[in-house]
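In what follows, a structure is listed as structure tokens, so that the remarks can point back to it.
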Amino acid sequence: MSQDVIAYLTQYSWPGNVRQLKNVLYSALAQLTSSQLTVKDIVLPAITSTQISLISDIDNKTLDEMTKNYEKEVLKSLYVKYPSSRKLAKRLGVSHTAIANKLRDYGVYK
């Protein structure tokens with residue numbers, strides 16, 4: 001296993017815990033074409049909008065800060081599937097201008 005594999009695997013949140021990790025590694029090993037497992041051999045599941053985690057550091061945040069952080073994560077997650085402010089606005093049922101402003105404010109881009 002290459003050295004960067006461990007670092008790569010620890011960056012993922014593993015919502016399926018050890019079982020999900022085991023399945024990802026088994027799948028990578030089953031399709032391995034070389035003698036060493038590398039990051040490019042591992043396919044991590046995409047994080048869906050239902051897997052957006054709550055803010056872990058809530059002790060020093062206001063409700064407004066927590067709400068904005070969550071809103072940013074939702075927009076980042078959905079922007080992958082709806083890659084224009086018009087499509088995203090339609091999906092969320094708000095105006096195009098409101099979404100365009102939020103995307104700009106949060107720095108969410110392709």
Thr10 side-chain N/O to Ala7 backbone N/O, donor-acceptor pair under 3.5 Å:
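Side chain of Thr10 to backbone of Ala7: a pair is present.
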Backbone N or O of Ala98 within a donor-acceptor pair of the Asn101 side chain at under 3.5 Å?
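Not confirmed, Asn101 side chain does not pair with Ala98 backbone.
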Do the side chains of [X] and [Y] join up, straight or via other hydrophobic residues, at under 4.5 Å, putting them in one cluster?
{"X": "Ile6", "Y": "Ile42", "result": "yes"}
{"X": "Val74", "Y": "Val94", "result": "yes"}
{"X": "Leu88", "Y": "Val80", "result": "no"}

Please tell me whether Asp64 and Thr62 have a donor and an acceptor in their side chains that are separated by less than 3.5 angstrom.
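Looking only at side-chain atoms, Thr62 and Asp64 do not form any donor-acceptor pair under 3.5 Å.
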I need the minimum non-hydrogen distance between Lys76 and Val108, along with the two atoms involved.
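Scanning both residues completely, I find the closest heavy atoms to be CG-CG2, 3.5 Å.
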Shortest non-hydrogen contact between Ser2 and Val39, atoms and distance
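Looking at all heavy atoms of both residues, the closest pair is OG-N, 4.4 Å.
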A side-chain contact here means heavy atoms from C-beta on lying under 4.5 Å apart; do [X] and [Y] qualify?
{"X": "Leu32", "Y": "Leu29", "value": "yes"}
{"X": "Asp41", "Y": "Val5", "value": "no"}
{"X": "Tyr106", "Y": "Glu71", "value": "yes"}
{"X": "Gln31", "Y": "Ser27", "value": "yes"}

Give a yes or no on this: more than 12 heavy atoms of other residues, nucleotides or ligands lie within 6.0 Å of atom CD of Gln36.
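Check passes, neighbour count above 12.
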Return the [atom1] to [atom2] distance between [X] and [Y], rounded to the nearest 0.5 Å.
{"X": "Ile99", "Y": "His96", "atom1": "CD1", "atom2": "NE2", "value": "9.5 Å"}
{"X": "Leu25", "Y": "Gln20", "atom1": "CG", "atom2": "CD", "value": "10.5 Å"}
{"X": "Ser77", "Y": "Lys72", "atom1": "OG", "atom2": "NZ", "value": "13.5 Å"}
{"X": "Leu78", "Y": "Tyr82", "atom1": "CG", "atom2": "OH", "value": "7.0 Å"}

Please test Glu65 against Lys68 for salt bridge (charged side-chain N to carboxylate O under 4.0 Å, His left out), starting from the C-alpha separation and ending with a verdict.
CA-CA 5 Å; Glu65 290 170 326; Lys68 286 180 179 181; over 6 Å; no
